[in-house]
Amino acid sequence: MKQKYILENYDRILKEIKNPKIIFSNDLIPFLEKFTSESYLIYQIDFIKKNGKIKYIVKKPIHNLHPKGTKVNFKESDIPSEFKPFISEILDNLNILKNQSNLYCCSKNENTIYILEQCEIEDLSQEKSENVKIKKTNKERVFKLKSKEEIEQHIHRKQYALENLAHKLIKEINPVNSLDLYQFSNNYDKTDCLKITYIYL
């Protein structure tokens with residue numbers, strides 16, 4: 001009975017995904033543009049000093065509109081001289097032009113700097129290529145399974161994980177009704193970000 005319930009919910013979610021109430025490129029980009037005049041990616045670089053040597057780690061970038069983007073603490077000040085020799089190498093590795101970026105120090109950790117790269121909001125919509133990669137990976141995994149039973153178990157695990165994630169998102173969003181999941185606030189916030197995640201789930 002529980003499996004039937006899970007599959008019914010999965011079917012409902014799939015129908016909503018195939019027929020979403022908003023379309024990203026048509027609705028969401030103009031909505032986001034109303035709330036900001038700036039658009040940039042934030043790269044966090046952590047420098048590690050050990051045995052007289054300096055290494056660095058570049059973290060995955062986030063956009064300034066991302067909820068975590070507002071929590072980044074940086075200040076305008078000179079980059080420590082010991083880190084300056086690494087800057088050109090980091091920019092080259094990230095394929096960032098110097099005139100399209102700004103460097104900032106972290107206000108809480110002297111061994112962390114931020115690179116802010118200017119970008120257009122439209123450039124953030126890479127879901128098509130990402131979806132192709134995900135589908136390809138999933139197909140490869142399924143084709144490696146040896147029996148029909150293993151394939152069914154794999155699909156059920158994915159379905160259950162999807163249902164759990166949808167349930168957690170709904171609980172966190174706490175919508176008044178089902179339509180509320182597709183309506184955004186006037187001050188783009190964390191809940192709107194969760195709604196977008198739910199829509200694309």
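Atom set for the values below is all heavy atoms of this structure, side chains included, hydrogens, waters and symmetry mates excluded. Everything numeric in this text was worked out from a predicted model, so none of it was measured.
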Distance from [X] atom [atom1] to [Y] atom [atom2], nearest 0.5 Å?
X	Y	atom1	atom2	answer
E172	I170	CD	CD1	12.0 Å
L165	Y160	CG	OH	13.0 Å
L194	I173	CG	CD1	5.5 Å
S101	L116	OG	CG	9.0 Å
F83	I90	CZ	CD1	9.5 Å
K168	T197	NZ	OG1	14.0 Å

Between [X] and [Y], is any pair of side-chain heavy atoms under 4.5 Å apart?
X	Y	value
D46	V58	no
K158	L162	no
Q44	Y114	yes
F184	I196	yes
F47	F86	yes
I48	N111	no
C105	I79	yes
E117	Y43	yes

Next item on the list: Check whether any side-chain N or O of N177 sits under 3.5 Å from a backbone N or O of L179 as a donor-acceptor pair, and report yes or no.
Entry: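 Checking the backbone N and O of L179 against the side chain of N177, a donor-acceptor pair under 3.5 Å is found.
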Margin query: Would the distance check show the side chain of E150 and the main-chain N or O of K146 forming a donor-acceptor pair, the cut-off being under 3.5 Å?
Written below: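 A pair under 3.5 Å: yes.
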Notebook entry, point to check: For K49 and E82, what are the C-alpha separation, side-chain angles and deciding distance, and is it a side chain to side chain contact (heavy atoms under 4.5 Å, CB included)?
Noted result: CA-CA 10 Å; K49 301 174 188 175; E82 58 190 333; 2.9 Å; yes
Closest non-hydrogen atom pair, [X] against [Y]:
X	Y	value
S185	D192	OG-OD2, 2.5 Å
L181	P175	CD2-CG, 3.9 Å
H63	S39	NE2-OG, 2.8 Å

Are more than 12 heavy atoms from other residues, nucleotides or ligands located less than 6.0 Å from atom [atom1] of [X]?
X	atom1	result
N95	CG	no
E110	CD	no
K84	NZ	yes

Notebook entry, point to check: Quick one: which of L91, I42, N102 gives a side-chain contact (heavy atoms from CB on, under 4.5 Å) with I115?
Noted result: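 In the set L91, I42, N102, the residue that makes a side-chain contact (heavy atoms from CB on, under 4.5 Å) with I115 is L91.
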Margin query: Looking only at the side chains, is there a donor atom on one of H156 and Q153 sitting less than 3.5 Å from an acceptor on the other?
Written below: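 Their side chains do not contain a donor-acceptor pair, so the 3.5 Å distance test is not met.
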Next item on the list: Begin with the C-alpha distance, continue with both residues' side-chain angles, and end with the deciding distance and a verdict on side chain to side chain contact (heavy atoms under 4.5 Å, CB included) for I45 and K59.
Entry: CA-CA 6 Å; I45 293 89; K59 297 202 172 172; over 6 Å; no
